[in-house]
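Quantities reported herein were computed from a predicted structural model and do not represent experimental measurements. For this chain, numbers begin at 1 and follow the sequence in order. Order of appearance sets the numbers: ligands from 1, and atoms from 1 within every ligand.
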Amino acid sequence: MRNFKKRFEERYDELKWLYMELYDNDAMLVELVNRMKEFYKDRPDDLKERDIIREKNPRWYIKEPLIGYKTYVDKFAGDLKGVRGKLPYIKKSNINVLHIMPFLKTGKNSDGGYAVADYRSVEPALGTMIDFEDLAEACHNKGINICIDFVMNHTSNEHEWAKKALTGDGEYMSRYFFFDNAELPHNYNRTMHNIFPTTDPGNFTYIENLHHYVLTTFHSYQWDLNYKNPRVFNEMVYNFLFLINKGVDIVSLDSMSYIWKDFGTSCRNRPRVHTIIRILRMITEIVCPGVLLLGEVMQDPDAAVQYFGEVGKPECHMLYNCSLMPMVWNAVATRDISLLKQSLDIFYSIPKQDVYLNFIRNHDDIKWRLDFDYLQRKGLEKPSHIKYLNDFFMGDAGYSHSKGELYNENEESQDAKFCGRTASMTGLERAKLYKSKELESEAIRQILMLYAFLIMQSGVPVVYYGDELGLLNDYSYKKSKNESEKNDPRNIQRGSFDWEGVKKLTDKYSTEARIFYWLGQLESFKKTEPVMGQEAYCWTLDTWEDGVLCTVRSYEGTKVMSLFNFTEHEKTAWIDERDGMYQDILSKKKREARNIELPPYGFYILKRIVE
Ligand code: GLC
């Protein structure tokens, strides 16, 4: 208990202060502390050792180059045991952070696992908690960190609490938000808030036998938890610690910006969310300091960045960088990198200890959250530009070969989000349909250019499962017997992994090998070059060409310049760096960094040769 005691004493004053500010409830605080002690006692010795090593090197996740991979257990390998069997493939793919999406028991409707019915047991089809522990241990033995989601904003309507609430038990009803018809908080900002399809009316679901509405921000079967109730907070912390003790390294706090509701506001990013995350950070530092908190805040970068916390009062260790994905695809559709460039300029000036996880695609839709003030100055109006982006990626405008589907389409405002996999969005699906080798090569080049861009950024690049092989959209969800699955186009990017495709990696001319091999080269560069680390200085250079982006990294005398052609045309980057010769890290050829010609969707990564 010595370690616990020391860590606890260092933090207790602040912990108590914040807890009392939220709940003003001594008894619940005492219970929380007692349970923390128990979870510490139960924590396996090997994890405690891991904690101590990391405590001595608290910036381990900044110093060690991390590369992530995000996947579903069932889609990737059937079940948890299956995933364990596939770790050699993960290792071969240069991955050292494996993020498996929710695998806990869900109800009939699962939202891809994000509707948890029991935080203490695994969905039977995916295995058991022992299987998860074995997987985590096997990952650790191979130098892989394991990341899971903690779905904290809501439970499934089939969670024990929800079931008890349904009987009218006030103890359990008070763990959610119930309203009778007359008292529905009408000023609750529905339009801002209604980002996921919900049943009528808006974000509230009518519970017939109780004659009440329950708050359901996402789907009707995901009931929002009431964190104003200390019982909810404490129990969720216990669930969190229970899962962490199974061997988790990184916890992705799902939809965390929603957890505190102040009706009459947008109910997002409320100050109390920060209090809760700060308490969670301290609890983690006391019980399991080797574990990292990863914030999932799918909102404006200015609001998101606050979740790193303040100096001396940190909240999340890492955050998803949600603004990059729409900006990257916007650059593709407009053949114009200026918006991306200006936001990189801002991004490159933020404190270097802020670690972001970068991705170009994930399991969710692409919401066109762009800087429309900036775009307007270029003459692009929000509604028509969103329509253009969606039309482009549907393959209906702008000479595009992309394929995908719209999500949450609002015919009146013509607003919609977009779903599709990287490979299909770059034209690989159509290339295969038309049997066009030329289109296929173009798509492969585009996939590699986009991933090269991702990998060349500071932070953790996250590969969405299958992208490393050029996995296409999967339309089979339309035949699902489960209505909610069938009506959710996000399933287009949630198909089964292609193990047949993996077999093709031995044929170096296959689509799969052409992507996998070069991606691997880029990842190795990221992992081995200190200039790719968080400490490097980064900036952009003007190329005097709308579709060509140039980014530069510099660290301890090493300088790397990357050029990316976001267009289907040959382009020249009109740069003129006169500080020596450069080497192309992929072809190994020497060259000057002047007037560089790039093939369609081409890219170069040039490292300055130090004489
Ligand atoms: C997260 C998940 C998304 C899910 C939502 C609600 O944003 O990425 O798939 O629908 O949370 O849990």
> Going by the order shown, which atoms of ligand 1 are within less than 4.0 Å of some heavy atom of Arg490?
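Matching atoms, with element in brackets: 3 (C), 9 (O), 10 (O).
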
> Hey, can you tell me if Tyr114 and His363 have their rings parallel, tilted or perpendicular (30° and 60° cut-offs)?
parallel

> Do ligand 1 and His219 have nitrogen or oxygen atoms that lie under 3.5 Å from each other?
no

> Given Asp149, Val116, Thr217, Asp254, identify the one with the heavy atom nearest to atom 1 (C) of ligand 1.
Asp254

> Enumerate the atoms of ligand 1 whose separation from the nearest heavy atom of Asp364 is less than 4.0 angstrom.
2 (C), 3 (C), 7 (O), 8 (O), 9 (O)

> Distance alone, cut at 3.5 Å: any donor-acceptor contact between the side chains of Ser257 and Tyr307?
no

> Strictly by salt bridge (charged side-chain N to carboxylate O under 4.0 Å, His left out), give each pair with a member in residues 67-81 just once, sequence neighbours left out.
Lys81-Asp131

> So for His154, does at least one of its heavy atoms come nearer than 4.0 angstrom to any atom of ligand 1?
yes

> With Phe308, which residues qualify under ring pair (Phe, Tyr, Trp, His ring centres under 6.0 Å), at least two apart?
Tyr356

> According to the interplanar angle, ranging from 0 to 90°, do the rings of Phe497 and Tyr465 count as parallel (below 30°), tilted (30 to 60°) or perpendicular (above 60°)?
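Answer is tilted, since the angle falls between 30° and 60°.
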
> Just go through Met298, Glu296, Met152, His363 and tell me whose heavy atom is the nearest to atom 7 (O) of ligand 1.
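Closest candidate by heavy-atom distance is Glu296.
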
> Below 4.0 Å from any atom of ligand 1, is there a heavy atom belonging to Arg494?
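A heavy atom of Arg494 does come that close to ligand 1.
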
> What's the separation between atom CG in Leu357 and atom OG in Ser252, rounded to the nearest 0.5 Å?
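So the CG of Leu357 and the OG of Ser252 are separated by 8.5 Å.
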
> With a 4.0 Å cut-off on heavy atoms, does Gly112 reach ligand 1?
no

> Please identify which atoms of ligand 1 are closer than 4.0 Å to at least one heavy atom of Ser255.
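Answer, ordered by atom number: 1 (C), 5 (C), 6 (C), 7 (O), 11 (O).
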
> Mark the output for Met101 as yes if a heavy-atom distance to ligand 1 is under 4.0 Å, and as no if none is.
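Outside the 4.0 Å threshold, so no.
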
> Nearest 0.5 Å please: distance from the CZ atom of Arg361 over to the CZ atom of Phe359.
8.5 Å

> Can you list the atoms of ligand 1 that are under 4.0 Å from a heavy atom of Asp111?
4 (C), 6 (C), 10 (O), 12 (O)

> What's the shortest heavy-atom distance between Ala333 and Tyr388, and which atoms?
O-OH, 2.7 Å

